[in-house]
Structures are given as C-alpha cells and as structure tokens.
Chemist: 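Before I ask anything, here is the structure I am working with.
Computed from heavy atoms alone, side chains included, the values below leave out hydrogens, waters and symmetry copies. Naming convention: chains lettered A, B, ... in sequence-line order (proteins, then strands); numbering from 1 in each chain.
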2 protein chains.
Amino acid sequence: MAVTDEAIEKIKGMIVSGALRPGDRLPRESELAAALGLSRNSLREAVRALSLIRILDVRQGDGTYVTSLDPQLLLQAMSFVVDFHRDDTVLEFLAVRRILEPAATAMAALRIGEQQLDALAAQLDRLGDSPSVEELVACDLEFHRGIVQSSGNSVLCSLLDGISGPTTRARIWRGLTQEDAVARTLREHRAILAALRDRDAETARSWATVHIASVEQWLRSSL
Amino acid sequence: MAVTDEAIEKIKGMIVSGALRPGDRLPRESELAAALGLSRNSLREAVRALSLIRILDVRQGDGTYVTSLDPQLLLQAMSFVVDFHRDDTVLEFLAVRRILEPAATAMAALRIGEQQLDALAAQLDRLGDSPSVEELVACDLEFHRGIVQSSGNSVLCSLLDGISGPTTRARIWRGLTQEDAVARTLREHRAILAALRDRDAETARSWATVHIASVEQWLRSSL
DNA sequence: ATGACCCGATACGTCGGAGGTCTTCAACGC
DNA sequence: GCGTTGAAGACCTCCGACGTATCGGGTCAT
C-alpha cells in the first residue's frame with residue numbers, strides 16, 4: 001500500500017477513534033508529515049483527497065481542520081460522484097427517488113410547521129404565469145427540497161439532494177418537449193402542498209408518487 | 001480557485017463530456033500536467049483525490065485509467081464517507097434503510113431467480129447454532145445484499161450497501177447481545193425468504209419492514 | 001518452435017527544498 | 001478608539017532527482 005493511502009487511513013482512524021473531533025485543527029503539514037512518516041508532498045495528496053469528500057477543510061494561511069462531519073456535508077460529496085453517471089442510469093436514480101421522496105413527503109406531513117407551509121406557498125406563488133425552464137427547474141428543486149427538509153431526517157434530505165442531480169437534466173428535457181408539463185407540475189405541487197396542510201400523510205405520499213411517476217413514465221417512453 | 005481544484009474540474013469535465021471514456025487511459029502525469037498547465041505534484045493531488053472516489057484507477061508502472069464508472073463502484077466510495085458518521089446519526093441512516101429496503105425486497109420478489117433463492121437458503125443454513133458476532137454481521141449483510149441485488153436496480157443496491165455497511169451494522173449488532181434478538185432475526189430472515197419464494201411482494205415488503213423496525217425500535221430504546 | 005528468463009523502457013511513487021501567497025494578529029501611528 | 005502596517009505562521013506551487021513496479025521485446029535453453 002502506498003504511503004499516501006496509509007496516511008489517508010491513519011487520518012481517518014484519528015477521526016473515527018475520536019482523537020480528532022469535528023472542528024479540530026490538524027498539526028501543520030510539516031509536523032503531520034513527520035508524525036506519519038512521509039514527505040509533505042505525499043501527505044498533501046492524502047489531505048487533498050479527504051478534502052474533496054469534505055472530511056477536511058483546508059484554509060490557506062490558516063490551517064487544516066476537521067469539518068463538522070454532518071451527514072448533510074458528507075453526503076454532499078455524493079452529488080459530485082453522481083455527476084459522472086451516464087444517462088442510461090438516470091432511470092435507476094429516478095426509481096430510487098420514487099421510493100424515497102414519497103416516504104419523505106409523508107414524514108413531512110406529520111411534522112412540517114405552519115411557517116414552512118407558508119414559505120412553500122409563497123414560493124409557489126412567486127413563480128409567474130410563464131416561467132422560464134431554468135426558473136421552473138429551480139422552483140421544482142427548491143419545493144421538493146423544502147419538503148424533504150421538513151421530514152426531519154438530514155440523511156434522507158442529503159441523499160435525495162444528491163440523486164436529484166442527474167434528474168435535473170431530465171426535468172429540463174421534459175420542460176422542453178412537453179407543453180402541458182409545466183401546468184401539470186404546478187398543479188401537482190399545489191396538490192402536495194394542500195395534503196401537507198391537511199396533515200394527510202397518505203395523500204401527500206400518493207401525490208408525490210404520482211408526481212415522480214409521471215416524470216419516470218415520460219422518460220422511459222422517450223429513451 | 002487552486003490549480004489542483006481546477007485540474008479536478010477539468011478532468012471531471014473530460015470524462016463527463018465524453019472526451020475520456022470508461023477504461024480510457026490518461027496521458028502520463030508529466031504530459032497531462034503540461035496540458036493542464038500545472039506541475040506534476042499538483043496534478044498528482046487531483047488524481048489522488050479522484051482515485052479515492054473511484055473515478056480514476058492508478059496503476060504504478062502502467063498508467064492511469066478511467067474506471068468503469070459503474071454506479072456500484074462509484075457509490076462504493078460512499079461507505080468510506082459513512083464510516084465517519086458518529087453513532088448519534090445511526091438512527092437516521094436506519095430510517096432511510098427502513099424506507100429503501102422493504103421497497104427493494106418487494107421488487108426482488110417479482111424478479112428473483114430460483115438459483116438466487118437456493119443460494120439464500122443455503123447461506124442461512126450455513127450459519128451454525130451459536131454464531132459469533134462477526135459471523136452474524138457477515139451473514140446479515142450478505143443475506144440482505146443478495147436480496148437487494150435481485151431488485152435489479154444497481155443504484156439502489158449500492159446505496160443500501162453504503163448506508164448499511166459493515167461499520168454501521170457492527171455498531172448495532174455489538175449491542176444486540178440478547179439471545180432472543182438473534183433468534184428472532186434468523187426467524188425473520190427465513191420469513192422474508194419464504195415470501196420471496198412465494199413471489200408475494202407485499203408480504204416480503206412487510207417482513208422487511210418488520211425486520212428493520214424491530215432493530216430500529218431496540219436501538220431507539222437503548223440510546 | 002516453444003517456453004522461461006532477462007533487461008531496458010516506461011510510468012507512477014516518494015522525497016527534499018525553494019519561493020510564493022494568503023490569513024491572522026499584534027504593534028504602531030493617527 | 002480606529003485604521004494601518006508589518007511580521008509570523010500556514011498552506012500553495014513548483015522543480016529536479018531518484019526509487020519502484022509493470023510491460024514487452026529479445027535471448028537462450030529445451
């Protein structure tokens with residue numbers, strides 16, 4: 001095993017074992033390199049790799065710190081990975097989203113606050129009559145994100161955030177080729193919101209399922 | 001933005017755009033560094049980071065290649081990230097698993113082959129009467145893994161692999177020393193297998209839900 | 001002709017050192 | 001009291017050199 005890989009494992013071990021806690025500052029490069037028994041260059045490769053997946057936060061002129069290690073932060077690195085997937089796996093991601101998002105929406109129905117409900121409503125109202133495709137995609141993402149955040153499970157939220165990345169393109173295609181898609185999406189959004197306001201978890205789950213299934217169906221028929 | 005981060009983005013761009021395809025070989029370090037306008041050391045940091053998340057495969061003495069980019073391979077890096085999560089987030093991961101795994105089990109009921117069913121049965125039989133904790137963890141992991149693989153969705157499979165990896169499961173099992181918990185788990189495994197054999201998706205889903213919920217309930221009461 | 005073995009070319013792995021740039025913070029002058 | 005300035009500390013980038021692993025062609029014995 002390469003010394004850099006050893007260094008990655010050692011740093012990981014220090015964090016997992018608790019020797020390094022979230023927010024802690026690492027020894028400076030030269031010291032850490034000496035402590036782990038490798039050169040500064042090789043250590044930097046290890047630090048850079050851990051920095052890419054948000055384990056470490058390197059600040060020039062200051063130092064290197066352990067991040068908060070929040071699920072939200074760590075799983076955020078997943079969207080980077082997801083970007084590499086080819087179009088032919090979009091359907092698989094969408095299938096996973098069809099499992100997760102209705103469940104998250106149902107969970108949100110039981111615990112979403114009045115404030116969040118108003119915020120979602122205001123967000124839907126803010127969208128004009130003839131929004132651009134970019135506005136529609138952004139609104140769609142933000143709407144579902146707001147709901148999933150109200151599910152109270154940050155892991156679930158981050159996971160959905162990650163896998164919604166590749167479907168973004170699908171949403172754009174859909175907006176470009178189906179005229180009535182815009183109106184239908186907005187109607188479904190309002191239906192989901194109404195179910196949330198009624199604290200009707202099953203109806204909210206069903207609307208979410210319908211909402212995603214329509215995208216999936218269109219995508220399946222057009223590939 | 002640092003030159004290394006630029007290099008990461010450029011390499012990512014080359015892959016996403018299709019200029020580099022899965023299995024392709026990259027130019028040698030010195031050439032690629034010159035092409036991207038940075039030093040070999042800085043480029044190596046970028047390559048190392050992409051290597052950690054299985055985008056690139058570096059072989060000493062040979063060259064650097066783009067991996068297959070399979071969802072299975074890329075999401076495998078997620079288990080590395082999950083290892084960093086603290087015990088207090090185990091419940092959130094388990095909640096996500098409780099959503100995904102019943103769905104995956106139901107999907108598997110519709111398409112699992114006789115051969116896989118026999119393999120699962122043989123695997124359950126192989127476990128002795130008084131297995132060690134390590135054997136239990138391995139058996140539990142392999143059983144659910146086998147089912148999820150039969151769901152036919154590699155993204156779903158990899159995702160579940162990541163969030164219920166060895167580390168996470170070991171943490172749970174370490175506390176589950178109660179004898180009846182072990183026996184109950186094994187009974188539930190056989191019930192799930194029976195439902196799969198009957199092609200009864202709803203029963204399989206329910207057993208999977210019960211199976212995970214019991215773990216979740218125990219964990220919640222003991223924290 | 002076939003197989004094992006050797007060896008050079010190639011490419012990644014590691015190292016040490018030299019400047020450069022950025023952040024922080026305390027000392028200074030107004 | 002406040003803004004400025006300077007130095008110290010830490011990361012950033014580069015260079016050149018050497019070590020090590022892999023591959024492929026050539027050689028030699030069978």
Chemist: Output yes when at least one side-chain N/O atom of B/T4 is less than 4.0 Å from OP1 or OP2 of D/dT13, else no.
Modeler: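 For D/dT13, OP1/OP2 do have a side-chain N/O of B/T4 under 4.0 Å.
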
Chemist: Are A/E92 and B/S154 close enough that a side-chain donor and a side-chain acceptor fall under 3.5 Å?
Modeler: yes

Chemist: Is the A/F93 ring parallel, tilted or perpendicular to the A/H85 ring (thresholds 30°, 60°)?
Modeler: perpendicular

Chemist: Nearest-Å distance, CD (A/E6) to P (C/dT14)?
Modeler: 9 Å

Chemist: What's the closest nucleotide to the side chain of A/D62 if the choices are C/dT14, C/dG20, C/dT24?
Modeler: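 From the listed options, C/dT24 comes nearest.
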
Chemist: After noting the C-alpha distance and the side-chain angles of A/D57 and A/R25, does the key distance pass the salt bridge (charged side-chain N to carboxylate O under 4.0 Å, His left out) rule?
Modeler: CA-CA 9 Å; A/D57 180 21; A/R25 177 179 179 163; over 6 Å; no

Chemist: Taking the nucleotide of DNA chain C with the closest heavy atom to each, which residue, A/V3 or B/G63, is nearer the 5' end?
Modeler: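 Result: B/G63.
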
Chemist: Let me know the distance between CE of A/M1 and C1' of C/dC12, rounded to the nearest Å.
Modeler: 17 Å

Chemist: Rounded to whole Å, how long is the line connecting atom CD1 of A/I8 with atom C1' of C/dG13?
Modeler: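 Answer to the nearest Å: 14 Å.
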
Chemist: Mind listing the residues from residues 26-51 of chain A sitting with a heavy atom below 4.0 Å of DNA chain D? Number order is fine.
Modeler: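 A/R28, A/E29, A/R40, A/N41, A/R44, A/R48 - these, ordered by number, are the residues of the stretch whose heavy atoms sit under 4.0 Å from the strand.
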
Chemist: Run through A/H144, A/E101, A/R98, A/E216 and flag the one making a side chain to side chain donor-acceptor pair (under 3.5 Å) with A/H211.
Modeler: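 Answer after filtering A/H144, A/E101, A/R98, A/E216: A/H144.
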
Chemist: Looking at B/R145, B/Q76, B/Q149, which one forms a side chain to side chain donor-acceptor pair (under 3.5 Å) with B/D161?
Modeler: B/R145

Chemist: Go through A/D5 and A/K12 one step at a time and tell me if the salt bridge (charged side-chain N to carboxylate O under 4.0 Å, His left out) criterion holds.
Modeler: CA-CA 10 Å; A/D5 294 315; A/K12 175 182 176 180; over 6 Å; no

